[in-house]
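Here's the structure, in structure tokens; my notes come after.
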4 protein chains.
Amino acid sequence: MSLRKKKIEKKKEEILRSAAEVLNEKGYHGATMEDIATKLLMTKGSMYYYFKNKEDLYFQCHRMMIDKSNEKIEDIINSEKSPLEKLRSAIISHIKLATTEKSMFSLMDKPEQKFSGEYLEDILQQRSEYEKNFDQIINEGIQSGEFDHVDVKLLRLLILGSLNWILEWYSPEGGKTQDEISEAFSDYLLRIVKKQC
Amino acid sequence: MSLRKKKIEKKKEEILRSAAEVLNEKGYHGATMEDIATKLLMTKGSMYYYFKNKEDLYFQCHRMMIDKSNEKIEDIINSEKSPLEKLRSAIISHIKLATTEKSMFSLMDKPEQKFSGEYLEDILQQRSEYEKNFDQIINEGIQSGEFDHVDVKLLRLLILGSLNWILEWYSPEGGKTQDEISEAFSDYLLRIVKKQC
Amino acid sequence: MSLRKKKIEKKKEEILRSAAEVLNEKGYHGATMEDIATKLLMTKGSMYYYFKNKEDLYFQCHRMMIDKSNEKIEDIINSEKSPLEKLRSAIISHIKLATTEKSMFSLMDKPEQKFSGEYLEDILQQRSEYEKNFDQIINEGIQSGEFDHVDVKLLRLLILGSLNWILEWYSPEGGKTQDEISEAFSDYLLRIVKKQC
Amino acid sequence: MSLRKKKIEKKKEEILRSAAEVLNEKGYHGATMEDIATKLLMTKGSMYYYFKNKEDLYFQCHRMMIDKSNEKIEDIINSEKSPLEKLRSAIISHIKLATTEKSMFSLMDKPEQKFSGEYLEDILQQRSEYEKNFDQIINEGIQSGEFDHVDVKLLRLLILGSLNWILEWYSPEGGKTQDEISEAFSDYLLRIVKKQC
DNA sequence: AATGAATGAGGGTTCATTCAT
DNA sequence: TATGAATGAACCCTCATTCAT
């Protein structure tokens with residue numbers, strides 16, 4: 001990649017990060033291109049040099065985030081840990097990403113309301129990848145006998161649901177810290193898969 | 001209540017129900033008053049005979065749903081069941097309401113993005129009532145020794161998170177049925193509170 | 001006129017009086033039929049039993065007022081007073097009517113902005129009648145030698161202008177009383193016509 | 001001021017001038033933003049690049065006019081003329097401004113019907129300044145013994161009323177010319193203050 | 001690479017008016 | 001005689017998008 005391209009890439013990411021904050025705060029339709037531009041000390045018009053349109057901007061925010069998520073979970077899967085530890089790591093990693101990058105992570109819900117056509121397909125595709133990775137961990141656990149027999153899909157939905165919902169109430173300032181949440185949630189959720197006695 | 005008032009009330013509810021579907025499908029900002037009216041074979045203008053404005057319409061959708069939720073959970077609390085059974089009932093009841101009234105239930109997230117002022121206050125107030133009721137069940141269980149020691153708030157957030165997220169993937173047509181989901185989720189979630197051995 | 005018709009007539013006048021207040025306070029376009037109806041403890045729809053439409057309502061307010069004005073000035077003209085006293089009376093009478101019936105009187109300016117077609121013609125016609133009456137008094141004064149030579153039309157415009165403008169600042173509660181205004185204005189305005197020395 | 005700012009200022013004034021005509025012709029509520037834009041060969045939306053909203057546009061029309069009025073009268077006050085000549089100048093100047101800029105000047109009545117909040121306050125404040133200046137001239141005349149004893153406020157109201165009312169009937173095409181009006185009105189009105197014999 | 005200016009489609013809302021009852 | 005309900009046109013305003021510079 002040429003230096004020039006790299007510079008543009010950097011700028012884009014800067015924009016994305018800032019845009020995500022506004023988008024998350026006001027919602028996709030609630031946030032105007034002007035809002036986003038203002039925060040970046042740019043003008044509305046300039047945004048169109050970097051992004052085709054608002055949907056595209058939003059899409060790239062989304063993409064950035066899901067890429068990170070997938071990288072993380074793949075690292076975990078490829079690690080040497082036991083399934084239980086893998087699941088714990090995945091949970092903790094998800095919480096960490098979600099709470100650290102709250103703004104960008106929050107953009108990821110209800111994609112059908114914001115995207116259409118190819119954009120939507122692409123997004124759903126990436127999501128399902130993440131879910132498959134999650135499922136794989138659970139399946140490993142069951143096969144190794146470490147986990148109880150569970151409905152893999154429903155359990156994954158339960159877990160990810162509880163994790164994603166964290167964004168609805170988490171605030172970096174008050175309440176529980178990232179670590180408290182991570183510890184409690186991973187503890188509680190792992191109880192579900194552990195063999196009952 | 002006079003006959004006329006009753007009739008108006010009926011009509012309002014009919015509108016709310018239909019509006020919820022559109023609002024849920026397209027999101028608050030994405031759905032136009034025209035969209036909502038058209039679905040009811042009314043005109044945009046007529047909606048304003050029944051509701052002060054869009055926010056008001058949305059608010060009343062919200063209110064209708066949360067009232068139902070609160071009624072249900074209060075019934076459960078006042079029943080003669082054991083804490084464990086109460087929690088199971090609360091989970092199942094929540095799932096049932098959410099999946100049966102998917103459209104309206106779905107409207108309930110991210111109220112800060114859609115409401116302001118008094119509306120917002122009112123909604124947050126009603127929500128916290130529901131949460132308190134949930135917490136009470138968990139507390140009862142801990143005090144009676146039936147439940148393990150848990151962080152009540154975090155557990156409640158975990159549970160409600162996983163339940164609310166159901167709306168993101170549940171579809172009445174395909175996949176899991178209400179009953180399957182209810183059974184699995186209540187089973188899994190109760191494992192968390194049961195005394196470990 | 002039948003009793004029934006008379007009753008309707010009474011009702012109409014009651015409506016007109018009340019309507020005028022609202023219309024004057026908020027302006028023609030600013031006042032809604034609902035505003036007017038509410039003040040009368042009626043419903044919007046009912047107004048249409050008495051008036052063809054808003055313009056008609058407004059027109060009749062206007063008409064009511066200008067009829068009164070014309071009656072008054074004709075009485076003055078037909079009286080036995082000297083031109084000077086007639087003019088004084090006309091001034092005082094105009095002030096009295098304007099301040100007493102401020103609401104209705106205020107409706108009378110800028111008719112071109114509110115009326116069109118026949119309504120407008122009718123109104124302009126009635127106005128010019130009033131003006132002619134005023135001019136006649138001035139002419140009498142000049143012919144009798146009591147008044148100085150003046151441009152009748154311009155003087156009439158000056159006088160009526162200053163009188164009509166009273167509505168812009170007069171308030172029944174504070175400031176000058178009707179009598180103070182009447183005395184000062186008639187005194188000042190008559191100075192103009194009196195023979196200079 | 002930068003070139004750009006100057007350009008924008010020019011454009012704004014151009015809009016104001018044109019807007020005033022439409023606003024005057026149809027009244028504040030009767031004139032639509034579309035009407036105003038069309039006359040300028042612009043689109044409705046473009047107007048909002050220059051003005052926050054309709055009230056703002058109207059306000060600035062108003063402000064432009066009243067600023068000019070105040071400038072003029074202050075020049076007169078600061079001149080070396082006698083009170084009588086000052087009053088004559090003020091009258092003539094007022095007439096000239098009103099008839100030359102009929103459209104904009106006409107906008108100035110009934111501000112309470114069109115403005116609210118800060119806008120209204122600002123306007124009433126500016127008006128009262130103009131009135132104070134007028135009063136000062138009259139007071140000077142009385143103190144110098146050149147004028148008769150009069151109620152300053154009522155006389156000012158009489159004079160300004162008769163002058164402002166000119167807009168109700170003046171037309172640049174027909175009838176009296178600016179000069180004829182100026183001469184007659186200043187002559188007549190000055191008779192009021194001159195010592196009687 | 002950036003922006004000032006303009007656009008136009010569309011959204012929420014208001015309101016005079018109608019009409020069945 | 002009166003009204004509740006509905007309508008639809010019009011209005012103000014917003015905003016994503018474009019384009020000349």
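Just so we're on the same page: letters track the sequence lines, and every chain starts at 1.
In this view, D/D56 satisfies the salt bridge (charged side-chain N to carboxylate O under 4.0 Å, His left out) rule with no residue, not counting sequence neighbours. Residues satisfying the side-chain contact (heavy atoms from CB on, under 4.5 Å) criterion with A/S46, sequence neighbours excluded, are A/M42, A/T43. Considering only residues two or more places apart in sequence or on other chains, A/Y28 meets the ring pair (Phe, Tyr, Trp, His ring centres under 6.0 Å) condition with A/Y58. The ring pair (Phe, Tyr, Trp, His ring centres under 6.0 Å) check on B/Y119 picks up B/F59, with sequence neighbours excluded.
With rounding to whole Å, B/L57 atom CG is found 16 Å from E/dG11 atom P. Summarising the geometry, the separation between CD1 on B/I8 and C1' on F/dT3 is reported as 12 Å, rounded to the nearest angstrom. Residue B/K12 contributes atom NZ, which lies 14 Å from atom P of F/dG4 at whole-angstrom precision. Atom CE of A/M42 and atom C1' of E/dG4 are 15 Å apart (whole Å). Taking atom CE of A/M47 as the reference point, atom C1' of E/dG4 lies 17 Å away to the nearest angstrom. Rounded to an integer number of Å, the gap from CZ of C/F51 to C1' of F/dA2 is 15 Å. The interatomic distance linking B/Y49 (OH) with F/dT7 (P) rounds to 13 Å, in whole Å. If you take NZ of B/K26 and P of E/dG10, they are 12 Å apart, rounded to a whole angstrom.
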Contact letters for nucleotides 16-21 of chain E, in which S counts primed atoms plus P, OP1 and OP2 and B counts the base, heavy atoms under 4.0 Å: BBB---
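Side-chain polar atoms of D/D35 and D/T32 form a donor-acceptor pair below 3.5 angstrom.
Contact annotation for D/K11: backbone-only contact, meaning every heavy-atom pair under 4.0 Å involves sugar-phosphate atoms and none involves a base. Among the protein residues, A/Y50 comes within range of the sugar-phosphate backbone only, with heavy atoms under 4.0 Å from sugar or phosphate atoms but none that close to a base.
Side-chain N or O atoms of C/S18 include none that pairs as donor or acceptor with a backbone N or O of C/E14 at under 3.5 Å.
Atom NZ of A/K26 is surrounded by 12 or fewer heavy atoms from other residues, nucleotides or ligands within 6.0 Å.
A salt bridge does not link D/R17 to D/E21: none of the charged side-chain nitrogens sits closer than 4.0 Å to a carboxylate oxygen.
Remark: DNA chain E forms stems of 3 or more consecutive Watson-Crick or G-U wobble pairs, all pair distances under 3.5 Å, at E:2-21 with F:2-21.
If you take CG on D/L107 and NZ on D/K102, they are separated by 10.5 Å, rounding to the nearest 0.5 Å.
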